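Owing to the predicted nature of the structure, the values given are computational and were not obtained by experimental measurement. Within every chain, numbering begins at 1; the chains are lettered A, B, ... in the order of the sequence lines, protein sequences first and strands thereafter.
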Amino acid sequence: MSTVRILGLFNDFDAASAAILEVREADIPGLNFDDVTIKSPIEHPDVEAVLGDRPVPVQKYTLIGSILGGTLSFFLISSAQGNFFQQLKGGKPIIPLPPNFVLTYEMLILGGVYITVLGFLIAAGLPARVKSSIYTSMISEDQIGVLVKGSAHSIEEVKKIFQKHSVLDIQEEVVA
Amino acid sequence: MSTTYMLRDWTKLRETHPQPSPAGGHAEYKWAMAINLDVCTGCNACSVACYAENNLPVVGKEKYAHGQSMHWMRIERYWNEEDVETPHQGAQFLPMMCQQCEAAPCETVCPVGATNHTPDGLNSQVYNRCVGSRYCSANCPYKVRYFNWYDYPEQEMAWPDPLPMQLNPDLTVRSKGVMEKCTFCVQRLTAAKNTARNEGRTVKDGEVTTACAQACPTQAITFGNMVDPYSQVSEKWRHQQVELHKDVQDKDKSGDSGLRGYRVFEELRSYPSVMYLERVRDTKA
Amino acid sequence: MNHLNKEKDIREDIAWAQINKDVLRSLEKPRPVYWVLFGLALSMFLVGVGCEIYQYQTGMGVANMNNPHMWGLYIATFIFWIGMSHSGTLLSAILHLMHADWRKPIYRFAEAMTTFSLMTAGLFVMVHLGRLWQFYYALPYPNERWTWPNFQSPLLWDAMAIFTYLTSSIIFLYIGAIPDFAICRDNAKGWRKNFYTILALGWMGTDRQWRNFRITYLTVACFLIPLAVSVHSIVASDFAMSQQPGWHVTSFPPYFVAGALYSGCAAIITLFIVLRYTFRFEEYMTMPILDKVARLTFAIAMVWTYLNLIEFASVWYGHDSYSKDLLIQKATGPYAPFWWTMIVCGSIVPFALAIKKFRSSLTIMFIVSLLLNLGMWLERWMIVAPTYSHGYYPWTWDHFQWPSFVQWGMVFGSFGWFGMLFMIFTKLVPSVSMYEVKEMVYHRTLANKESREA
Amino acid sequence: MSNINRRDFLKVLGWSSVAVAVAGCGKTSVESGVETVMSYSQPEDFLVPSIGVYYASTCTQCEANCGVTGRVREGRILKLEGNPESAINLGRLCGLGQAAVQHHYNPDRLKEPLLRQGGGLQPTTWENATALLAEKTGDLKGEQFAFLSGGLSGHLKVLVQNYVDSLGSKNLYFYEALTPAVNQSVSQKLYGTATPRFHLDKAQLIVSFGADFLDTWVSPVHFASQYTQFRKATIDKKRGTLVQIEPRMTLTGANADRWIPIIPGTEGVLALGLVNALLKGGIGVKSLPASVVSAVRAYDKERVNKEAGVSGEVFDKLVALLSERSPSLVLSGLSAEGHAHGAQNAAAIMLLNVVLGNVGKTIDAPTRLPFPQLAAEEGNSVALKRFNDSLAGDKFKVVFIYNANPVYTAPAFMKLRDNLKKSEFKVVFTHYLDETAQEADLVLPLDSALEDWGTHVAAYQPDSIELTMQQPLMEKLYPSGTRSLGDVMLDQLKHRRANEYKDFADYYAYLKSALTRNKGAFSGVSADDETFWNQALMHGVLKVKGQEQSISANVVNLDIAQPAPIGDDQYPFHLVPTVRSGFRDGRHANLPWLQETPDSLTTMVWDSWVEIHPKTAERMGIKEGDILEIASKNGSIKTQAYLFPGVQPDSVAIPLGQGHEAMGRYAKDVGVNPFKLLDPVFDKSTGELAMHATRVKVSRTGASVRVVKEEGWSPIVVNTQQGRKLVSTIAVDKANFSKEV
């Protein structure tokens, strides 16, 4: 039987979260609660309260990035200086540590920032393609959207719950 | 590959100059000078010799007025603080050129490594590498580095035909935007070293000298190799008890030794390779 | 939140749709003065370009530099622009970590300022080079000769640091703007639609996106703060690491950083007022916010003054006769007029910011902010030039060297270049962060509700 | 047409190519004269590309005639260096000498003869020119012809002399604007020789009255090398002390242990005062006849103080020095001799040597030159006066001028430019279109000193007499355009005295035979002509067997009477025209290196200036760079002020050599020419123009400029070290010389 996906638009976050909580309680068969997502114009920190904790891997990338950036730059710079016998600087060793530390510091930050951002894109699943049929510009303005995926009849249940919480509008699409 | 160098020669790569030895730790050559200010008359013969030897451009009045002159060797004339009204003790002349510092302030700051410390203890300037950030000159305490503010070969003043025929083919005519300075006539040194190498020896004292030293009518300038302990210049340094690797000489610590050797701005720890001998005046006169 | 003044940073009852409308309007039809400003900036920029072409063809000599005046206004202005850039980081990163939410309406253009002033600074490094066409020698690129730039040179640290700072703050700016690009995408038509669709990376405001977004934004912010500090410390080392009197000063790094934040804040005030008028942002760039920025600026001004005095004191009571000699020269010599103007603009004028009446007058604030920036520019010049004119070596003292029109022209042009970039930016990117203003409004409504319930 | 047989020439030098290879003289022959650079298609076997080879020659930049070696590479002369074999400069060379290459390569050199047609000078050919010379001088009465030449010596002098004789003329004038002519005439009287030999190195004390022997006087490079010995302290000799007395500090004064400014013209008073004091101290009483002893009584400390402006304390110190330090040496220079009583001044000064018994110790007689016809004619300004007077009297139809620029150097009052117009046909032999050449009817461009042959006998011979060789250091730059004066003279002589000169193909052949024929006169040379000739060219120096002479002082009928000082309220300042080592009388002002080289004392470049004492300047409200008008009775010039502590407060000094109206891009319109200011004052005994006797007044024009100088630009009036230890000075009794090598 077919899987359906609906998007319910709510006026404010309270309404939306109430609806979601009820969906959660209802524990409708054929509906995986992890498929419930919220689309909101601003960030709602308390979203975990309704959806439960979900993983945020970004900082792992950060760690790897900065460590790589730092160590690599120090190693590469020092070894680059390794053939400076002809570029000797009077009064200084051929491989001077303080400057290399300065550069290590900079490269540590560089690596950190770049890889973090990379991590973000991966973790947030960007860039993505907007499915306009199931997305509305109202979300980016001031309404909260709740996206639920499930079997056709479980979705019917959900719709009811949505109506109870005075949903403004419901979009629906059938995914094979 | 660089990495192998680094891992193999790590300790060597951590050594610094000058090392506590007469020649500052140089193996074959350490070129240095001793200039006797008591006989330097300030006649500018050295300066002209430098123009002739090193293809220095004549910049003309207008650019000279902007302080853009290009004399690697300049004669400075100071008056005595005591009697500025009537200089009873004459003027004070100082031939000032690149001091070829052992720990040159200009070297460390060059972003592209265009100025370096050579195995001969010279402070080299690589024209091809220079991008003209002028940081070296900014950091030079002696202000003896000269920048090509213009494309001098193209300037009407410098070398109208047939003057270019006089140019010394042993070194380049510097182009717009590079820094240049006294090289201790490195083209002469290189030639002498090659001859010596072909004969399987090192350069003998007096075999090669700089254009300024050669011209000097009073022989105020002594040039030579500090590695050779019997070279004139080594002897002068030794007898004056001026040590290359010290920023304060022992003889000065122990009060006035009456020895005339000193180096300009020694206390800045740039360890210049040019020793001056104090000008002498007869106080009875 | 600020309890001293009853006025609110922003109205709670302002409709979110309204926010979108107001801000998006700035992308379509600003006041005509926008075009005036843009034209002005463009023509200024062209002057600079003309000067550079002339200098490139003829040689650095036409800038009327000489031995000893090896660096001129270029480096001074370079530092000035680097300093400028710090304001953005201050507002977007530092205040972000401090949860000072009044920053939200104004940090976007401050952040943009960071990026553009860094670009401008970069230009000065270029025009300063004697052989611009060989600039890539300063980059560490692998080559068959195995030659590398000199990693000991503070200038190279500069290059690296600025590169890091520039790219990072561009990324930071962009990441922070993604949700707003989504808004634009949803409301735009025609070519803008496609343009913002690409920029928005298909942002849909899902909880997953928001979650990672928050963490990323926070992390990058954390990186940016030490980075900003290090960047200006390194610029300071260009001088502190050298041996010249007046440059070889231990307290330079903090001094430079303070100066940087100082000029940055001053610039923010200037742009705040300009944008507020040009794009009719009275609703968002409100007087209370300006008031806060002003007081922040005052605080930093005092820090700067303090560090300034520290430097003078350490020189005066130190044993370095050369530096002392130079300090006296600064105060009495040919540069005295500029030096004293710098002192007045940098340390006296800011007291105007301490007075409420002045803080609440846009005109006065505008003038003051300009004066502060003048002072900060002079500060940079007074660091670079006097050391040359009166350094170690009396023989080469040159008290009468004066930058030629070429140098002035390029300084002039740089403001044009900066202005031009900024104007283009405000036309393409919402210069007020819509989603954060909404958050601001949202949280205030919540807070008010709670306080009502309590 | 110069017909050097190139093959022989190459063979000759090829012979000795070990020492002097011949890169300079290319394969292409002079006749074709197409190329100036060696072709490598078939290089000579001794020629190694990129290896410089050295030729010996002689420096003709000043009268000292130092020996030089030219570095030649790929057929180009690159650099001049001193010739170690010459006793004059011992392998050293001054800036002026080194700049000779810029005369050779000068962009403003004349490349073809010019003939005056329809008012202007038009290019012509040498054939026409030489024909014209023969024609104009063809049936000319001897007294209608005059030849004005600069200082000259060696075989060229002989040729010129013979040519003038061949025209039956007595009018051969040797003119130099700056010569020690007065000094020489007095020396002649006192020592019996015009050019005594000085031994600065032997002296313990040198007291010089304006003799700038380190920079511009007689033989600077030689004196400089002696000065080194003089200053050196050795076991058997203390470091010598130098006292310089002059109105404007010269380079020598700048190096003195004691520099004493003196009111111009009163040097004699001071000298006699010293003599008097020494005699009182019982020194040298026997050396003087009673007449002199009584004559000097009148000169006591007070009078010296009053007239010469030398304080009693300084005077006493000087007396003490003179009486303690022996042997000493007292020299008299231009600034002491350039007065109406210049000869008396010089005499009074040299008298000191007699009193101190220096004659025979630090002063002795030169070797006698066996062939006087080669001896140097140093020239003098009397010659110019006579020449000019005769011109004024419209005596000369045809005038030749060589190696002199009288239109530039003659004082305004002589009106030489106008007088010159009176002569019908003026021929100028020169390298540049200078002021005099512009007045000429025929301008004949000469080979540069580095392209020409020649022999020189320096006037001042430090050691036994040496005859120095001058040979081409490279191919002619303009083979068809320029010629050697020697060739021109020879060519003309062939017309007039064919039988005497027909054997000589050209000047080169003439020189070669003249020398080889007399090779017996030189010491240490081989018997074979060719070898002798090679060696002469290789070494560049020929030692002449000359007979040594002894020296003795003869003070009777020596005129030492000093005139009473004359004040002048209208013209309060003494004008001191200073000689710059680079420019001398202005003939080198077109050498860029020398223009760019800062003046040693003022560090000014590319311009003229007037030196005024800071105190005086303060009194008159003058600042550095103010444009001042310096006016004498005979003219006025405007130039920038330079505040100079080294000038006597009642005097202003202006350097000579600038202010050319012509002479090429580097000299034209640079600075001003003080020659024009000079008053018509002449030395009574010799008739020399008294260069230092001019009185001027100074006034501000209101205009002001930024002076172009080398010393730092800062408000400091007098540039000091500002407390830095740059040039450190130590008192001689504190210094420890024992360790020095």
Trainee: Between Phe13(A) and Ile144(A), is any pair of side-chain heavy atoms under 4.5 Å apart?
Mentor: yes

Trainee: Among Thr62(A), Asn100(A), Leu103(A), Ile139(A), which residue forms the greatest number of heavy-atom pairs with chain C at distances under 4.5 Å?
Mentor: Leu103(A)

Trainee: Applying ring-ring contact (aromatic ring centres under 6.0 Å, His included), run through Tyr105(A) and Trp157(C) and close with a yes or a no.
Mentor: CA-CA 10 Å; Tyr105(A) 177 85; Trp157(C) 309 347; over 10 Å; no

Trainee: Does any part of the side chain of Leu97(A), heavy atoms only, come nearer than 4.5 Å to the side chain of Phe74(A), both counted from C-beta?
Mentor: yes

Trainee: With chain A as the partner chain, list the residues of residues 218-225 of chain C whose heavy atoms fall under 4.5 Å from it, by residue number, and write 'none' if nothing qualifies.
Mentor: Thr219(C), Val220(C), Phe223(C)

Trainee: Under a 4.5 Å heavy-atom cutoff, which of Ala200(C), Gly202(C), Ala15(C) has the most pairs with chain A?
Mentor: Gly202(C)

Trainee: Centres of the Trp203(C) and Tyr196(C) rings: under 6.0 Å?
Mentor: no

Trainee: Less than 4.0 angstrom from a charged side-chain N to a carboxylate O is my criterion; do Lys438(C) and Asp142(A) meet it?
Mentor: no

Trainee: Please determine, among Thr197(C), Asp186(C), Ile215(C), the option with the most heavy-atom pairs under 4.5 Å with chain A.
Mentor: Asp186(C)

Trainee: Heavy-atom distances under 4.5 Å only: say whether Ile234(C) touches chain A with side chain, backbone, both or neither.
Mentor: side chain

Trainee: Could you check Arg214(C), Arg103(C), Arg108(C) and say which one makes a salt bridge (charged side-chain N to carboxylate O under 4.0 Å, His left out) with Glu436(C)?
Mentor: Arg103(C)

Trainee: I need the residue from Ala182(C), Pro140(C), Pro226(C) with the largest number of non-hydrogen atom pairs under 4.5 Å to chain A.
Mentor: Pro226(C)

